[in-house]
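Worksheet: one structure, shown below.
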Amino acid sequence: MIPPGQVATYGQIAALAGRARAARAVGLVMRGCPPGVPWHRVINHQGGISKRANASGMLAQRVLLLGEGIRLRRGRVPLDRYRWDAHARGRRTNGRREA
DNA sequence: GACTTGACTAGAC
DNA sequence: AGTCTAGCCAAGT
């Protein structure tokens, strides 16, 4: 349910699933994510693309994110700007994100 | 059912 | 800010 052009951290997903401390498990389970899941919008808490067994996957993710208009700063996604806020979903942030 | 592994995080140096 | 360590949860052996 993460909207295009935005990203969420593993911890966020875990929290939404009711397992606030299962961020690590989120990544594990996501290894076998079914088609249709915007897995590329999930990044680590530092806004970076987490390392995995298959390095090519990281590349693909970077490309997909760029394709959605997400600009990377120093190799990481500026969470202050692109982090998906599940509670404010639908609210107009007017392009800029407030605290 | 116990042990290991890993697409994570938060806190301390 | 970058690096290291210790908890955490679920899956695969």
Side-chain angles (χ1 to χ4, degrees):
Chain A
M1 35 194 293
I2 304 172
Q6 294 198 309
V7 298
T9 68
Y10 294 93
Q12 254 183 285
I13 306 299
L16 287 172
R19 301 274 186 290
R21 310 293 161 191
R24 203 165 189 174
V26 171
L28 175 60
V29 174
M30 210 178 290
R31 283 194 307 189
C33 69
V37 176
W39 57 272
H40 60 279
R41 304 199 187 121
V42 183
I43 60 183
N44 64 36
H45 195 273
Q46 295 182 79
I49 297 172
S50 295
K51 190 182 180 222
R52 68 205 59 180
N54 186 357
S56 62
M58 300 174 60
L59 251 335
Q61 181 164 13
R62 193 178 56 193
V63 174
L64 286 168
L65 290 176
L66 289 172
E68 293 190 348
I70 296 177
R71 303 195 294 127
L72 277 57
R73 292 288 178 166
R74 286 153 42 191
R76 300 194 220 330
V77 175
L79 290 173
D80 293 332
R81 244 158 93 136
Y82 302 106
R83 198 185 112 247
W84 173 51
D85 185 348
H87 279 102
R89 73 174 182 285
R91 192 212 296 173
R92 194 124 231 19
T93 53
N94 202 8
R96 193 163 327 193
R97 177 174 286 284
E98 68 296 310

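Predicted model, so just to flag it, every value in this text is computed and none were measured. Computed over heavy atoms, backbone and side chain alike; hydrogens, waters and symmetry mates excluded. Protein chains get the first letters and strands the later ones, always in sequence-line order, with residue 1 at the start of each.
- Dense packing is recorded around CZ of A:Arg52, with more than 12 heavy atoms of other residues, nucleotides or ligands lying under 6.0 Å away.
- Residues A:Thr9 and A:Val42 are not in side-chain contact: their nearest non-hydrogen atoms beyond the backbone lie 4.5 Å or more apart.
- Distance A:Leu28 CG to B:dG6 P: 10 Å, rounded to the nearest Å.
- Between A:Arg41 and the choices A:Gln6, A:Gln61, A:Glu68, the side chain to side chain donor-acceptor pair (under 3.5 Å) rule is met once, by A:Glu68.
- Residue A:Ala53 is in sugar-phosphate contact alone, with no base atom involved, counting any heavy-atom pair closer than 4.0 Å across all strands shown.
- Minimum heavy-atom separation, A:Arg73 to A:Pro78: CG-CG, 3.4 Å.
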B/S/- contact track for nucleotides 8-13 of chain B, protein heavy atom under 4.0 Å: BSS---

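- Distance alone, capped at 3.5 Å, places no donor-acceptor pair between the A:Tyr10 side chain and the A:Ala22 backbone.
- In this entry the distance linking CZ of A:Arg31 with P of C:dA11 reads 10 Å, nearest Å.
- Atom CZ of A:Arg83 is separated from atom CD1 of A:Ile43 by 10.0 Å, given to the nearest 0.5 angstrom.
- One can place CE of A:Met30 at 14 Å from C1' of C:dC9, the figure rounded to the nearest angstrom.
- Pair assignment for C:dT3: B:dA12, on the basis of Watson-Crick or G-U wobble contacts that are both within less than 3.5 Å.
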